[in-house]
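Everything below concerns the one structure shown next.
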Amino acid sequence: MASYTCSLTGLPATDPVVTPSGHIASKSLLLTKLSENGGVDPFDPSSKRSLDESDLIHLAPSTTQNVPPRPPATTSLPSILKVLQDEFDCVLLELYDTRKALEETRRELSTALYQNDAAVRVIARVCGERDELRGRLEGMMSGASTANAGGGAEKRSREDESEVEPAKKAKVDTTNSIPASDMEAMIETWNKLSVDRRLIAKLKRTPEEISVIESNFAKLTEKKVNVHKSNSNGVIGLNALQWNDENYVVSIGKDGQIIVYNVTKGVIGHTIPCAGVSHVHAMACDDILYLCACTSNEIKLFSVQEEATLVSSMDVDTPIGVSIHPSSSKGVVRIMVVTPSNAMFVRYSEGVKEMEVLVKLEDSNNNSNITTGELHPDGIIYAMGTEGGKLIVWDLKTLNVASTLD
């Protein structure tokens, strides 16, 4: 008799039959399986196709078949062997079902892990967008609250004027004011820079990045470059910036020269004579580098491209320092100038071709000379230090003193 392998057990089949799907199995095992699963074809992947005993085809190599003897009904060795055979068949059927369930579970687990990984990436992106929007909202709300606080204080002061003696306020030159277009550009720049600064503050550098930064800093400190005249040694001020994807340092010395040094290439880009220069501030606007310098009695604005050009100058009584506002752009330069008595908001535009004072800031409660002034990197807060040890903080949006620190 030909030998067939049972698809359920993997052993030689007894009384082999073939199913419509082409699988060979032992008839007794297959019928037992059909009685357990309700007549569903165990070889159907979808578990939807029904199978009946009448659908089975017997496999017989010849017309003569040996009929096995009937075991005695009483307890005997053959009956014990029959029971063991039945139990063995049950174990094989259960093993087949277990393996099938294991494969299905593996497929479901793989799909679940893929979906979980995709969900984690989506949540991370959404959290990043949420933090960015939250930072922008905080910036807008802080600006609105500052404006409302200034307006409310002014309104209460007018209402109580007849009953309570008003406190002394900072004096602002109201003959001119910051135009709406300039104020919009300043606020837009403030919103952008404040959000970017918060995002940078949240970044955590890896030990490898910190090591690279320290290595580059060590290389810069090892290199010494003499750019000013040797007969007048001494550097008064430095200003570092990036322009056209290259690093620059702008220095002023006792020799009365402004040096624009290209750190990336290691060469002097421009040398600008400026006798009596005491302070300089540089800012890159597109392809133009603007330099604002102050001497003992005037401020000068230079533009640097292929050549350095003096675009405008203005007489100022003893200027102490200058700061180019970050909202400046090509053709429109906004400058904060500080003197011993006040601070001035100055604007240069290519249409006017000269610098003009828009607003003067003066605190009537301050009786000491101003010694220094500095603009916040976001461009809305301006701080001035006095000889009396006070720090006066101005809000350029409301043109009011935001705080005075002793």
Side-chain angles (χ1 to χ4, degrees), residues 1-134 199 202-204 206 208:
M1 179 181 291
S3 178
Y4 298 100
T5 302
C6 180
S7 298
L8 293 175
T9 64
L11 300 176
T14 59
D15 191 12
V17 293
V18 62
T19 65
S21 59
H23 292 83
I24 299 175
S26 297
K27 182 178 180 180
S28 59
L29 290 178
L30 184 56
L31 293 178
T32 304
K33 184 65 178 177
L34 292 177
S35 63
E36 290 179 356
N37 61 11
V40 178
D41 189 352
F43 304 110
D44 182 19
S46 63
S47 298
K48 296 181 179 179
R49 184 172 58 195
S50 61
L51 182 64
D52 188 69
E53 185 177 359
S54 60
D55 298 328
L56 303 177
I57 301 175
H58 291 269
L59 297 177
S62 63
T63 58
T64 61
Q65 295 185 359
N66 297 325
V67 179
R70 178 179 300 175
T74 60
T75 303
S76 62
L77 185 59
S79 64
I80 294 175
L81 293 176
K82 180 67 169 61
V83 172
L84 293 177
Q85 181 65 39
D86 293 341
E87 292 296 328
F88 180 70
D89 293 343
C90 292
V91 171
L92 291 179
L93 292 174
E94 185 177 358
L95 179 61
Y96 175 78
D97 291 338
T98 303
R99 288 177 177 174
K100 187 175 180 180
L102 177 61
E103 292 298 325
E104 182 66 23
T105 303
R106 285 178 176 174
R107 287 195 297 270
E108 294 178 356
L109 179 60
S110 176
T111 303
L113 291 176
Y114 175 77
Q115 292 176 349
N116 179 75
D117 183 62
V120 169
R121 291 196 298 268
V122 171
I123 291 173
R125 185 177 71 252
V126 171
C127 289
E129 295 175 354
R130 180 203 63 186
D131 294 340
E132 181 180 358
L133 293 176
R134 183 177 292 173
L199 293 177
K202 293 180 180 178
L203 295 178
K204 295 183 179 179
T206 62
E208 292 77 10

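For the single chain, residues carry numbers from 1 onward in sequence order. Heavy-atom basis, side chains included; hydrogens, waters and symmetry copies ignored. These figures come from a predicted structure and were not determined experimentally.
Side-chain contact between Arg125 and Val122: present, with at least one pair of heavy atoms (C-beta onward) separated by less than 4.5 Å. Side chains of Leu93 and Leu8 form a contact here, defined as non-hydrogen atoms less than 4.5 Å apart. Pro42 places a side-chain heavy atom less than 4.5 Å from the side chain of Leu34. Residues Pro20 and Arg49 are not in side-chain contact: their nearest non-hydrogen atoms beyond the backbone lie 4.5 Å or more apart. The closest side-chain heavy-atom distance from Leu11 to Leu92 is below 4.5 Å. The closest side-chain heavy-atom distance from Leu56 to Leu31 is below 4.5 Å. Taking 4.5 Å as the limit, some side-chain heavy atom of His58 sits within range of a side-chain heavy atom of Asp15.
A donor-acceptor contact shorter than 3.5 Å is absent between the side chain of Asp97 and the backbone of Glu94.
Heavy-atom neighbours of Arg99 CZ from other residues, nucleotides or ligands within 6.0 Å: at or below the threshold of 12.
Thr32 and Ser35 get closest at one heavy-atom pair: O-OG, 2.6 Å. Across every non-hydrogen atom of Tyr96 and Ser7, the tightest pair is CE1-O, 4.5 Å. Between Leu30 and Thr19, the shortest heavy-atom contact is CD2-CG2, 3.8 Å. The two residues Leu29 and Cys6 have their closest heavy-atom pair at CD1-SG, 4.3 Å. Of all heavy-atom pairs spanning Ala25 and Ala13, the tightest one is C-CB, 4.3 Å.
Of the inter-residue distances, the one linking Glu103 atom CD with Thr98 atom OG1 reads 12.0 Å to the nearest 0.5 angstrom. With rounding to the nearest 0.5 angstrom, the CG atom of Asn116 is 10.0 Å from the CZ atom of Arg121. With values rounded to the nearest 0.5 angstrom, Leu51 atom CG is found 10.0 Å from Asp44 atom CG. Here Arg134 contributes atom CZ and Glu129 contributes atom CD; the two are 13.5 Å apart, rounded to the nearest 0.5 Å. Note that OG of Ser28 and CG of Asp89 are 5.5 Å apart. Values are rounded to the nearest 0.5 Å.
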